[in-house]
4 protein chains.
Amino acid sequence: MITSSTTTTIGRPRDARTDRAILAASLELIAEVGIHDFRMDDVAERARVGKSAIYRRYRSKDELVGATVAALVSEIDVADTGDTREDIVALMNGAVDVYTDPIRAAVMPSLVGAMQRRPELARTIREGFLTGRRDALREVLTRGIARGDLAADLDMELALDVLGGPLFYRLLITGGPINRELAEGVADLVMRGFADTMKEKAA
Amino acid sequence: MITSSTTTTIGRPRDARTDRAILAASLELIAEVGIHDFRMDDVAERARVGKSAIYRRYRSKDELVGATVAALVSEIDVADTGDTREDIVALMNGAVDVYTDPIRAAVMPSLVGAMQRRPELARTIREGFLTGRRDALREVLTRGIARGDLAADLDMELALDVLGGPLFYRLLITGGPINRELAEGVADLVMRGFADTMKEKAA
Amino acid sequence: MITSSTTTTIGRPRDARTDRAILAASLELIAEVGIHDFRMDDVAERARVGKSAIYRRYRSKDELVGATVAALVSEIDVADTGDTREDIVALMNGAVDVYTDPIRAAVMPSLVGAMQRRPELARTIREGFLTGRRDALREVLTRGIARGDLAADLDMELALDVLGGPLFYRLLITGGPINRELAEGVADLVMRGFADTMKEKAA
Amino acid sequence: MITSSTTTTIGRPRDARTDRAILAASLELIAEVGIHDFRMDDVAERARVGKSAIYRRYRSKDELVGATVAALVSEIDVADTGDTREDIVALMNGAVDVYTDPIRAAVMPSLVGAMQRRPELARTIREGFLTGRRDALREVLTRGIARGDLAADLDMELALDVLGGPLFYRLLITGGPINRELAEGVADLVMRGFADTMKEKAA
DNA sequence: TAATAACCGAGACGGTACGTCTCGTCTTAGG
DNA sequence: CCTAAGACGAGACGTACCGTCTCGGTTATTA
């Protein structure tokens with residue numbers, strides 16, 4: 001999406017209703033027919049908008065898809081229950097909920113393909129879908145270390161990938177179930193696998 | 001791919017050189033321009049072959065892509081060193097090697113997208129890239145359980161997803177490094193996280 | 001139009017029915033809706049043909065229009081009645097008939113505009129609509145000189161333009177009537193204006 | 001062009017500099033890129049004017065083109081040398097001069113096409129380019145008849161078309177030369193072809 | 001002086017045709 | 001029946017241009 005850096009509005013400003021109509025039509029259509037049968041002309045017709053209004057905002061179909069999906073990003077609230085495992089499970093359940101939603105689940109695989117050839121889309125997606133939750137998890141893990149629940153020398157990136165990887169693996173490739181059992185399974189695994197061994201030995 | 005059920009060859013037999021030329025051209029082009037700019041006409045031209053020769057062998061573009069990629073599958077040898085961790089690491093390193101190869105790495109994201117709308121492509125890919133290694137890992141884990149290195153009640157599917165997930169997660173989404181450190185990291189995590197607690201307590 | 005110079009037909013040959021369907025649809029549509037509302041997509045639909053089949057034959061809309069109109073060219077038969085005036089009138093009446101046809105009359109002005117920016121269209125039109133009749137008139141005038149009806153030193157190009165100009169002038173600009181009176185009028189004028197003065201004086 | 005019927009100017013009056021800037025830009029652009037690549041947006045940009053300022057003055061592109069070209073019309077002075085042929089030649093030379101100007105020559109063919117679908121443009125053009133000279137020629141011819149140089153029963157419309165037709169014929173269709181030779185050629189032809197035969201016989 | 005009305009530049013808007021592209025199929029002549 | 005070459009129908013793509021509309025603001029006349 002193109003965003004003006006200056007606030008100075010010269011000429012007729014973009015119509016916010018058009019903005020919304022385009023994204024709404026786009027989301028509806030993606031949900032209804034899937035990415036593969038998603039057509040720009042249909043978006044224009046559904047949104048009662050000229051194609052030019054779309055292409056003025058998004059340089060290409062992929063860009064529109066990216067923006068449409070990015071709009072689905074939901075807020076993440078980092079719980080702090082005092083229990084490291086519970087905090088991890090809470091965040092993982094949030095992710096499970098996101099990819100249980102049929103639209104997001106249907107859209108994700110297509111986005112993966114598009115990310116390769118559109119670096120800026122990749123950035124958008126990563127920031128919209130990953131960074132937030134990843135940062136939240138990092139915070140929780142760090143608190144877990146401080147609390148003595150987790151080893152101080154754990155490979156943080158690996159831990160985050162072990163938490164997030166299986167979910168996407170099932171979503172994109174194996175087709176395995178994405179549910180609370182998964183969320184708790186990886187949480188428990190991380191808790192056990194990265195447990196503070198010093199503490200254990202001390203005990 | 002279409003394979004004749006009868007061995008009886010009536011009329012002119014298919015030219016094996018044409019078979020090879022098509023797959024070779026296909027692989028070259030995918031590597032050069034990426035899946036997105038991969039065109040059937042280009043394959044025909046590069047292979048010095050008519051388009052009909054391609055469509056006689058593969059019903060669609062996706063099918064050709066699937067076959068091309070499937071041809072990249074390498075043999076998996078299930079080591080049995082007697083050491084569960086070493087066996088896991090060996091298999092994981094095999095996977096790391098596969099996705100370190102630029103072609104396979106470049107092709108995978110596109111395949112993920114295509115898998116959604118082409119169930120048979122999905123099956124081909126899963127069988128070509130996953131099943132073999134997954135079965136091998138399952139075998140190794142089962143031996144680990146028998147050997148008392150791993151808990152008898154471990155969630156096998158979860159364990160396999162924890163081993164495979166992070167690799168694909170980095171490949172497809174985060175862009176994180178895919179190397180021996182990752183292989184060993186997830187192996188160690190599984191070894192620790194799914195350790196046979198009975199044995200530990202006994203010790 | 002693109003015409004292969006070699007007779008060697010390799011690959012699937014152009015379908016002559018497609019050729020005809022395109023030109024027929026084009027002519028029908030021009031006649032029905034006029035040049036201004038003439039659309040390539042409509043031609044494709046009417047001809048039950050893909051747009052690519054059209055663009056394979058004609059590089060642009062202008063080119064198709066040109067070819068469509070060129071197909072309207074009618075045969076010119078150079079009469080030789082022995083009477084110079086009658087021969088001229090016969091040829092002029094042929095031209096009058098052509099531009100009395102509503103389709104040709106409606107199409108001509110648009111072609112004039114297109115001729116400026118499409119030299120090869122210009123050539124096509126000139127050859128299709130002018131050269132033949134012009135050559136025929138030249139022949140008749142030459143015979144008239146030989147016969148002593150016309151001055152030997154007449155400016156042939158001027159004579160031809162005086163014969164043809166008024167017709168196009170009325171067609172394209174003044175909107176004046178195009179009829180036998182005009183044909184006879186210019187014929188008589190040329191007969192009188194370019195009469196062999198030597199002969200007159202001799203008489 | 002829209003002209004207020006009331007002289008009462010309410011609100012801000014039109015800026016005369018804007019009027020001029022639009023016409024100037026329009027003329028420049030037509031001369032530079034030709035009618036076919038002439039865009040309203042370009043006019044606005046070149047004239048440093050909003051598109052609305054243009055459309056407030058001219059209802060359409062064709063209308064602007066018409067007005068731009070009409071501004072090129074030059075004054076016609078009907079000479080009265082006492083010599084019919086000289087008067088005709090003088091007027092014809094004026095026309096030759098007009099269409100020797102590259103801009104007018106380049107613009108005319110496009111106008112012909114536009115005239116068909118824009119009757120009021122047609123009127124503008126006819127009045128701007130034809131009526132004046134046609135009236136002048138008619139006057140000269142009428143004087144020629146009175147003077148006995150031309151036949152009283154000549155077909156005036158035909159005579160006028162024979163004078164004007166060849167020029168436009170060459171301009172629009174044949175591409176033949178437009179020069180004094182042409183002017184004199186048609187003048188002489190009309191003088192001879194429509195000569196007063198009564199007078200001749202009398203002589 | 002304030003209100004009103006039409007002007008101004010900039011640029012977004014809906015609409016629509018264009019010419020391009022690719023897919024998967026079909027049609028030749030020839031091996 | 002295979003092959004290469006390439007035409008075919010279908011239909012989405014992204015671009016271009018038109019003529020209209022909307023914004024914030026300006027410049028005159030009228031109240």
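For clarity, every value in this text was computed on a predicted model and none was experimentally measured. A, B, ... follow the sequence lines: proteins, then strands. Residue 1 opens every chain.
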Between [X] and [N], does any side-chain N or O lie under 4.0 Å from OP1 or OP2?
X: A/Arg12; N: E/dG14; result: no
X: B/Arg56; N: F/dT3; result: yes
X: A/Arg14; N: E/dA10; result: no

Taking donor-acceptor contacts at under 3.5 Å, does the side chain of A/Ser52 reach the base of E/dG15?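 Under the 3.5 Å cut-off, the side chain and the base do form a donor-acceptor pair.
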On DNA chain E, check which nucleotide each of D/Asp15 and D/Gly11 is closest to and give me the residue with the more 5' one.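 Looking at DNA chain E, the more 5' nearest nucleotide goes with D/Gly11.
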Inter-residue atom distance [X].[atom1] - [Y].[atom2], 0.5 Å rounding:
X: D/Met115; Y: D/Met108; atom1: CE; atom2: CE; answer: 6.5 Å
X: C/Lys61; Y: C/Ile54; atom1: NZ; atom2: CD1; answer: 12.0 Å
X: D/Leu111; Y: D/Ile30; atom1: CG; atom2: CD1; answer: 7.5 Å
X: D/Lys51; Y: D/Asp42; atom1: NZ; atom2: CG; answer: 10.5 Å

5'-most contact on DNA chain F: C/Pro13 or D/Lys61, nearest heavy atom basis?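 Nearer the 5' end of the strand: C/Pro13.
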Could you check how far [atom1] of [X] sits from [atom2] of [N], rounded to whole Å?
X: D/Glu63; N: F/dG19; atom1: CD; atom2: P; value: 10 Å
X: A/Tyr55; N: E/dG15; atom1: OH; atom2: P; value: 16 Å
X: B/Asp62; N: E/dG24; atom1: CG; atom2: P; value: 7 Å
X: A/Leu64; N: F/dC13; atom1: CG; atom2: C1'; value: 14 Å
X: D/Ile54; N: F/dC18; atom1: CD1; atom2: C1'; value: 12 Å
X: B/Arg17; N: E/dG31; atom1: CZ; atom2: C1'; value: 12 Å

For DNA chain E, determine which residues of residues 32-51 of chain C have any heavy atom closer than 4.0 angstrom to one of its atoms, and list them numerically.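 By residue number: C/Phe38, C/Arg39, C/Met40, C/Asp41, C/Lys51.
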Sub-4.0 Å heavy-atom contacts from residues 18-30 of chain B onto DNA chain E, ordered by number: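 The answer is none.
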Between [Y] and [X], is there a side-chain heavy-atom distance shorter than 4.5 Å?
X: A/Arg57; Y: A/Thr18; answer: yes
X: B/Glu32; Y: B/Asp37; answer: no
X: A/Val43; Y: A/Phe38; answer: yes

For B/Arg104, side-chain hydrogen bond (donor to acceptor under 3.5 Å, both in side chains) partners two or more places apart: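 Partners of B/Arg104 under the side-chain hydrogen bond (donor to acceptor under 3.5 Å, both in side chains) test: B/Asp101.
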If you only use heavy atoms from C-beta on, which nucleotide in E/dG19, F/dC18, E/dG9 is closest to the side chain of D/Ala53?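 Out of E/dG19, F/dC18, E/dG9, the nucleotide with an atom closest to D/Ala53's side chain is E/dG9.
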Charged N to carboxylate O under 4.0 angstrom, D/Asp19 versus D/Arg17?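 Looking at D/Asp19 and D/Arg17, the cut-off is not met.
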